[in-house]
Engineer: 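Mind having a look at this structure? Questions to follow.
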Amino acid sequence: MAASFLAFHQSPASPLRPLPRASPLPLPNPSRPLPSPFRSSPPHRLAISCSSSSTSSADPHSPAAAAPSRHRRPPDENIREEACRQQNTYNHTHGFSARYVPFPSSPASNGGEECYSLDEIVYRSRSGVLLDVQHDMAALTKFDGAYWKALFDSRVGRTTWPYGSGVWSKKEWVLPEIDPEHIVSLFEGNSNLFWAERFGKEFVLGMNDLWVKHCGISHTGSFKDLGMTVLVSQVNRLIRLGRPIVGVGCASTGDTSAALSAYCAAAGIPAFVFLPADRISIAQLVQPIANGAYVLSLDTDFDGCMRLIREVTSELPIYLANSLNSLRLEGQKTAAIEILQQFDWEVPDWVIVPGGNLGNIYAFYKGFEMCRELGLVDRIPRLVCAQAANANPLYLHYKSGWADFKPVTASSTFASAIQIGDPVSIDRAVFALQSSDGIVEEATEEELMDAMTKADLTGMFACPHTGVALTALIKLREKGIIGKTDRTVVISTAHGLKFAQSKVAYHSKDISDMECHFANPPVNVKADFGSVMDVLKSVLKNKISPVNTMF
């Protein structure tokens with residue numbers, strides 16, 4: 001990396017003063033009275049104080065919140081202040097709460113067992129296992145599935161702070177106790193569910209109910225935004241509570257660093273990024289640089305970067321942002337809930353997720369399972385984790401019958417974001433797959449690049465990681481495991497523009513030992529009518545009917 005890219009002129013972070021309290025979107029009028037915890041008397045019309053409260057959040061179901069302003073807000077008032085002006089004086093959490101517990105957590109576990117407040121800076125249990133965010137399900141189950149569906153659906157597409165976000169529209173299931181004024185959101189989520197009609201028909205043996213969840217249609221171009229809004233929001237809260245945090249750091253193969261840098265920039269919090277040198281795309285490299293992060297390009301792979309960032313964050317007051325931190329999974333799980341919403345709360349048969357560090361497959365499981373447990377749906381889909389053959393430790397573990405897990409040394413892969421040989425969330429992934437009757441499949445470099453290109457030729461603009469997932473789909477369909485009429489969702493994790501270099505190499509047939517069967521290079525033609533017509537006639541022969549010219 002050029003030295004100028006590493007130059008970092010640190011300036012004092014913007015003062016983190018309390019912000020005005022926000023008002024959530026009201027719940028649509030239910031067909032029955034609200035359950036008693038949400039029922040309140042009409043409030044007195046009082047002047048509203050916007051001072052920060054670290055342990056409360058606004059009541060989204062009060063009569064005052066249900067009376068939106070009839071006029072556009074004053075020009076000098078922002079959406080936080082508008083929400084503050086419209087809210088009532090009640091501050092309830094309604095008993096909703098969450099905490100850290102050792103993974104795997106048990107819904108029945110209560111006091112007396114190891115647990116931590118989300119306001120503590122802790123990443124592993126005393127025994128060294130990963131932590132999980134456990135919600136108070138007893139409080140959430142006071143309200144039935146129909147209630148939660150109506151609440152979540154009522155927030156889609158709104159700009160009311162912070163509920164217009166696909167993540168924060170499920171705030172009660174994500175970080176129920178955080179004040180809206182501490183939330184750092186770029187209105188992430190609500191991504192497109194693309195009906196892959198032509199791809200299914202032409203390349204997957206006639207599938208007609210194939211969908212691609214384009215999580216890369218997000219602020220920084222990847223699904224990592226979903227988790228980073230949660231993590232940076234909690235860091236923002238901790239800083240305001242006086243915790244000695246000087247910044248947030250991560251190891252990354254590209255997309256995590258982009259998301260962290262953008263959200264830290266929005267909050268005025270310094271970001272520190274460890275990247276493996278010469279192993280990510282230029283587009284992924286420039287994102288954290290453009291957002292002002294302090295970027296270290298290290299002569300190692302992702303696993304080496306991960307070891308270093310863990311050592312650094314154990315010595316310095318830098319908050320660790322990798323998926324070792326279970327806060328990010330709380331945001332990523334909302335993509336699963338979104339899929340159910342987009343199918344009008346019908347459950348697909350299969351969901352296929354590319355896997356590298358393996359937090360995402362567990363996040364999808366957690367989102368689906370939470371909906372099942374709270375009565376929004378009656379089952380969960382079968383999950384498939386797709387890995388690149390050059391970085392396939394989970395696949396090898398699965399093929400061994402879940403025998404002792406062994407990390408691998410990941411080889412270079414075009415699916416660079418999942419080039420990870422020693423995934424942090426291996427235990428989470430195994431749990432998710434075993435609990436969902438799941439499958440693990442792999443894709444060679446040629447298979448994933450061909451699949452990505454075929455997707456592009458049917459109207460998508462996919463990343464190589466999506467090519468890995470599409471390859472898994474094709475293989476499972478050819479084996480008859482996935483049926484022709486099975487409703488299947490493939491998760492596209494990043495935008496194809498981040499990987500334009502690999503697409504150029506493919507279409508130029510400039511990749512060694514790869515046939516590039518579906519390459520579509522430009523044709524060099526002389527700039528005269530006859531030459532152009534010769535080329536077009538050659539391409540269109542047998543497709544153009546003779547033209548009869550009459551005078």
Side-chain angles (χ1 to χ4, degrees), residues 100-107 109 125 129-135 137 170 173-174 213 215 223-224 226-227 230 322-340 347-374 376-387 391-405 407 417-418 420 422-442 465 468-469 472-473 476 481-482 488-491 493:
Y100 294 124
V101 297
F103 177 85
S105 62
S106 167
S109 62
S125 72
V129 303
L130 294 173
L131 297 174
D132 197 20
V133 175
Q134 182 190 69
H135 289 262
M137 299 300 287
K170 287 86 176 170
W173 292 19
V174 177
K213 178 69 169 168
C215 294
F223 79 95
K224 299 293 179 73
L226 303 178
V230 177
N322 282 97
S323 57
L324 177 68
N325 189 316
S326 54
L327 282 174
R328 280 178 47 196
L329 305 186
E330 293 304 292
Q332 289 167 208
K333 78 183 182 188
T334 62
I337 306 171
E338 260 185 35
I339 289 171
L340 296 176
V347 181
D349 298 300
W350 298 88
V351 174
I352 304 175
V353 185
N357 220 14
L358 302 181
N360 210 19
I361 188 73
Y362 175 66
F364 273 87
Y365 166 77
K366 192 172 186 181
F368 287 126
E369 176 60 18
M370 201 165 180
C371 287
R372 187 201 64 79
E373 189 172 352
L374 290 170
L376 285 74
V377 296
D378 60 2
R379 64 182 180 91
I380 67 173
R382 293 185 68 182
L383 299 179
V384 177
C385 188
Q387 291 208 293
N392 64 349
L394 180 66
Y395 176 77
L396 298 176
H397 190 33
Y398 170 75
K399 296 297 285 186
S400 72
W402 303 121
D404 290 341
F405 172 75
I418 56 176
I420 298 169
D422 189 10
V424 167
S425 293
I426 178 65
D427 293 335
R428 291 168 171 157
V430 171
F431 179 86
L433 290 162
Q434 291 180 336
S435 301
S436 64
D437 191 20
I439 296 173
V440 186
E441 190 52 87
E442 68 173 356
H465 317 85
V468 174
L473 165 69
L476 294 174
I481 296 173
I482 294 180
T488 303
V489 179
V490 171
I491 304 303
T493 57

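Because only heavy atoms are used, hydrogens play no part in the values below, and waters and symmetry mates are left out as well, while side chains stay in. Treat the numbers as computed from the prediction; the structure is a model and nothing was measured.
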Engineer: List in chain and number order the residues that pass side chain to side chain contact (heavy atoms under 4.5 Å, CB included) with Ile481, two or more places apart in sequence or in another chain; answer none if no residue qualifies.
Structural biologist: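 Only Trp350, Ile439, Leu476, Lys479 meet the side chain to side chain contact (heavy atoms under 4.5 Å, CB included) criterion with Ile481.
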Engineer: Which heavy atom of Trp173 sits nearest to which heavy atom of Glu330, and what is that distance?
Structural biologist: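 Smallest interatomic distance, heavy atoms only, reads O-OE1, 3.6 Å.
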Engineer: Less than 4.5 Å apart, side chain to side chain, heavy atoms only: is that true for Tyr398 and Leu433?
Structural biologist: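 Counting from C-beta outward, Tyr398 and Leu433 never come under 4.5 Å.
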Engineer: Heavy atoms only: give me the nearest Val347-Ile380 pair and the separation to one decimal.
Structural biologist: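 Between these two residues, the closest heavy atoms are CG1-C, 3.9 Å.
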Engineer: If you define the side chain from C-beta out and look only at heavy atoms, does anything of Trp402 sit under 4.5 Å from His397?
Structural biologist: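 Yes, at least one pair of side-chain atoms sits under 4.5 Å.
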Engineer: Give a yes or no answer on whether the side chain of Asn322 reaches the backbone of Leu324 with a donor-acceptor pair at less than 3.5 Å.
Structural biologist: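 Pair absent, no side-chain N/O of Asn322 close to backbone of Leu324.
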Engineer: Is the backbone of Val129 close enough, under 3.5 Å, to the side chain of Ser125 for a donor and an acceptor to pair up by distance?
Structural biologist: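 Yes.
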Engineer: So, the side chain of Asn357 versus the backbone of Val424: is there a donor-acceptor pair under 3.5 Å, distance only?
Structural biologist: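 Yes, Asn357 side chain to Val424 backbone: donor-acceptor pair under 3.5 Å.
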Engineer: If you define the side chain from C-beta out and look only at heavy atoms, does anything of Ser326 sit under 4.5 Å from Leu130?
Structural biologist: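 Contact flag for Ser326/Leu130 side chains = no.
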Engineer: Rounded to the nearest 0.5 Å, how far apart are CG of Leu131 and CZ of Phe103?
Structural biologist: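 Rounded to the nearest 0.5 Å, the CG-CZ separation comes to 11.0 Å.
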Engineer: Between Lys366 and Glu369, does any NZ, NE, NH1 or NH2 come within less than 4.0 Å of an OD or OE carboxylate oxygen?
Structural biologist: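 Salt bridge flag = no for Lys366 with Glu369.
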Engineer: Examine distances only and state if a side-chain atom of Arg428 and a backbone atom of Gly359 form a donor-acceptor pair shorter than 3.5 Å.
Structural biologist: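 Side chain of Arg428 to backbone of Gly359: no pair is present.
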Engineer: Determine whether Val351 and Tyr365 satisfy the following criterion, side chain to side chain contact (heavy atoms under 4.5 Å, CB included), listing intermediate values before the conclusion.
Structural biologist: CA-CA 10 Å; Val351 174; Tyr365 166 77; over 6 Å; no
Engineer: When you look at Met137 and Leu374, which way does the side chain to side chain contact (heavy atoms under 4.5 Å, CB included) test go after all the steps?
Structural biologist: CA-CA 8 Å; Met137 299 300 287; Leu374 290 170; 3.7 Å; yes
Engineer: Determine whether Lys170 and Lys333 make a side-chain contact, defined as any pair of heavy atoms from C-beta on separated by less than 4.5 Å.
Structural biologist: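 No - every pair of side-chain heavy atoms lies 4.5 Å or more apart.
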Engineer: Within the 4.5 Å heavy-atom criterion, are Leu329 and Tyr362 side-chain neighbours or not?
Structural biologist: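 Leu329 reaches Tyr362 side chain to side chain.
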Engineer: Provide the closest heavy-atom pair for Asn360 versus Gln332 in the form atom of the first, atom of the second, distance.
Structural biologist: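 Shortest heavy-atom separation between Asn360 and Gln332 comes out as OD1-NE2, 3.3 Å.
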Engineer: Asp427: which residues meet the salt bridge (charged side-chain N to carboxylate O under 4.0 Å, His left out) condition with it, sequence neighbours left out?
Structural biologist: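 Applying salt bridge (charged side-chain N to carboxylate O under 4.0 Å, His left out) to Asp427 gives none.
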Engineer: Are the side chains of Leu394 and Val430 in touch, meaning some heavy atoms are under 4.5 Å apart?
Structural biologist: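 Yes, their side chains come closer than 4.5 Å.
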Engineer: Given side chains that start at C-beta, do those of Pro348 and Leu340 come closer than 4.5 Å, heavy atoms only?
Structural biologist: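 With C-beta onward as the side chain, the pair touches.
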Engineer: Can you find a heavy atom in the side chain of Ile339 that is under 4.5 Å from one in the side chain of Ile491?
Structural biologist: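 The answer is yes; the side chains approach within 4.5 Å.
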Engineer: Provide the closest heavy-atom pair for Ser436 versus Ala432 in the form atom of the first, atom of the second, distance.
Structural biologist: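 Of all heavy-atom pairs spanning Ser436 and Ala432, the closest is OG-O, 2.8 Å.
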Engineer: Carefully, step by step, assess Glu441 and Tyr395 under the rule side chain to side chain contact (heavy atoms under 4.5 Å, CB included).
Structural biologist: CA-CA 6 Å; Glu441 190 52 87; Tyr395 176 77; 3.8 Å; yes
